There are 2 protein chains.
Amino acid sequence: MNDAVRSDQRGEIRPDVPLGRRSPHSKTRVLVADRNVIIRIGVRAILERAPGVAVVAEATTYDAVIDAVDEHGPDVLVIDLDLGDDTTRGLQLCEEITNRYPHTKIMILASTLSEFVVVDAMRRGVTGYLLKDDVKADELGKAVRTVQDGEVVMGKGIGNLVAHSLGSHREMGEHVTDRELEVLKLVARGLSNKQIAADIYVTESTVKFHLQNLSRKLGSHRRAELVHKATAAGLL
Amino acid sequence: MNDAVRSDQRGEIRPDVPLGRRSPHSKTRVLVADRNVIIRIGVRAILERAPGVAVVAEATTYDAVIDAVDEHGPDVLVIDLDLGDDTTRGLQLCEEITNRYPHTKIMILASTLSEFVVVDAMRRGVTGYLLKDDVKADELGKAVRTVQDGEVVMGKGIGNLVAHSLGSHREMGEHVTDRELEVLKLVARGLSNKQIAADIYVTESTVKFHLQNLSRKLGSHRRAELVHKATAAGLL
DNA sequence: TGCCCACCTAGCCATATGGACAGGTAACAG
DNA sequence: CTGTTACCTGTCCATATGGCTAGGTGGGCA
């Protein structure tokens with residue numbers, strides 16, 4: 001599927017590329033998106049030290065990312081999925097960008113590791129996934145050039161995680177729905193099923209139904225653990 | 001790697017300067033401690049841009065911080081409390097440093113905000129507390145010089161939090177004990193009271209007792225919320 | 001010595017929760 | 001039209017949980 005396009009881009013350079021605007025000798029143009037200044041400056045400093053890479057813009061919100069991609073048409077987008085209070089939004093953003101700008105490769109630079117999010121991201125066209133806490137300084141530049149070449153980059157442990165996820169029991173399609181997430185957030189705030197029911201205008205039965213589904217999807221059977229896993233997964 | 005060495009050479013090293021002492025015109029010597037490279041490089045880049053500030057060393061573990069303070073005797077330590085898997089350890093470190101090196105001011109650069117941790121840190125001699133996600137680039141340099149002058153620096157919202165904590169119902173001494181933390185972690189893993197009891201060799205009654213105390217101390221009454229708050233407080 | 005504190009235990013009771021059953025609806029895609 | 005998906009509802013039952021009162025222990029400290 002996409003692989004054709006990717007190797008295509010690397011293989012022969014097309015001088016007439018409409019949005020590409022990059023010659024064989026120009027640098028990899030990077031857009032850095034993170035809500036945290038320190039991270040932005042850090043990533044910028046690291047990448048500017050790497051050969052063949054140039055940071056062309058920064059963004060701090062989902063909308064700003066779209067605008068910046070529109071304006072700069074970067075080769076690689078280095079982004080933290082969590083740019084607002086909603087990781088799901090970040091996933092949607094990735095999908096939108098891979099659809100509208102197939103040339104722009106996306107590399108996630110995440111704070112937390114979650115099987116759930118990683119697999120979802122991959123399905124939406126993300127080609128790199130690194131953990132802020134794990135990356136070494138020199139890895140980052142290399143990783144950016146690698147994803148630009150259309151190859152997939154995974155931080156240590158992440159690859160195994162995905163493989164495990166794909167090959168294991170849950171056939172991985174277990175998407176947490178909006179409603180379930182809504183319930184989950186209320187659970188984390190300590191509301192009882194009855195209170196949650198009143199809060200979202202459904203019966204207690206329905207709340208329990210959603211919780212059962214969440215239990216299955218997140219592999220838990222206790223709401224305390226549910227909150228813990230969901231937090232680790234960046235859902236809360 | 002090379003980065004540290006290089007800027008050590010570039011930043012003026014003066015072995016002749018006695019620990020913690022400095023002439024009126026020399027720069028504020030800073031030690032940056034964070035497990036994350038990106039953060040370290042980012043903070044370094046920001047601080048080196050600020051006038052009158054020089055980063056003299058970096059550290060990534062609790063032990064390395066001690067060593068680096070021993071060796072460099074920095075004026076200010078910019079540190080994330082969470083350098084291992086245990087925030088408590090970071091708090092102890094702060095106390096140790098304020099005792100052994102009273103000249104060295106400590107500024108926390110935290111990932112998460114927790115009334116609990118902030119107040120504890122203050123009691124252990126920390127004079128600054130900023131949130132990574134909140135700081136603006138220019139604030140950081142200013143903050144470092146401010147704490148060096150012995151003034152207290154609090155990120156927006158943190159000051160209010162402390163004031164609220166001190167002036168409110170709980171007369172602030174509500175320390176979470178080791179045993180309680182132990183129980184809390186098991187709760188987060190989804191164990192029932194009975195299982196926890198078996199796990200730590202006490203009766204179910206005792207587990208419930210600890211949970212009641214946790215409920216009071218963290219201001220919660222549902223274990224799901226307990227896990228949520230504890231996570232936000234960096235206890236898990 | 002007496003006090004405080006972390007820790008441990010017991011019993012009681014109302015309510016919450018988890019798990020299983022067995023359904024119904026609307027929206028949407030092939 | 002048919003299948004799928006998210007969503008919703010109900011009933012039943014065993015067990016877990018939260019909240020309370022009322023104790024006992026050992027160690028550290030004034």
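We name chains A, B, ... by the order of the sequence lines, and we start the count at 1 in each one. Values in this document were obtained by computation on a predicted structure and should not be read as measured data. Note that these values count all heavy atoms, side chains included, but never hydrogens, waters or copies made by symmetry.
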Is [Y] paired with [X] through a side-chain N to carboxylate O contact shorter than 4.0 Å?
{"X": "A:Glu96", "Y": "A:Arg124", "value": "no"}
{"X": "B:Asp149", "Y": "B:Lys105", "value": "no"}
{"X": "A:Arg35", "Y": "A:Asp82", "value": "yes"}
{"X": "B:Asp199", "Y": "B:Lys185", "value": "no"}

Send over the distance from [X] [atom1] to [N] [atom2], rounded to a whole Å.
{"X": "B:Leu186", "N": "D:dT17", "atom1": "CG", "atom2": "C1'", "answer": "16 Å"}
{"X": "A:Leu214", "N": "D:dC8", "atom1": "CG", "atom2": "P", "answer": "13 Å"}
{"X": "A:Arg216", "N": "D:dT5", "atom1": "CZ", "atom2": "P", "answer": "11 Å"}
{"X": "B:Asn213", "N": "D:dG18", "atom1": "CG", "atom2": "P", "answer": "13 Å"}
{"X": "B:Ile196", "N": "D:dG18", "atom1": "CD1", "atom2": "C1'", "answer": "14 Å"}

| said: Between the opening five pairs and the closing five pairs of the helix from C:dT1-D:dA30 to C:dG30-D:dC1, how far apart are the helix axes, to 10°? | reply: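 Taking the rotation axis at each end, their angle is 50°.
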| Can you list the residues that meet the side chain to side chain donor-acceptor pair (under 3.5 Å) rule with A:Asp133, with sequence neighbours excluded? |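 With sequence neighbours excluded, A:Asp133 shows a side chain to side chain donor-acceptor pair (under 3.5 Å) to B:Asn36, given in chain and number order.
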| request: Taking the side chain as every heavy atom from C-beta outward, state whether B:Arg223 and A:Val227 have any atom pair closer than 4.5 Å. | output: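 No, every pair of side-chain atoms sits at 4.5 Å or beyond.
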| Can you find a pair of side-chain heavy atoms, one from B:Ile97 and one from B:Val69, that are under 4.5 Å apart? |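 Yes, side chains in contact.
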| task | Take nucleotides 8-18 of chain C nucleotide by nucleotide from the 5' end and write B, S or -, depending on whether a protein heavy atom sits under 4.0 Å from the base, only from the sugar-phosphate, or from neither. | result | BBB-B---SSB
| Around B:Asn99, counting heavy atoms of other residues, nucleotides and ligands shown, do more than 12 lie under 6.0 Å from its CG? |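 More than 12 heavy atoms, drawn from other residues, nucleotides or ligands, come within 6.0 Å of this atom.
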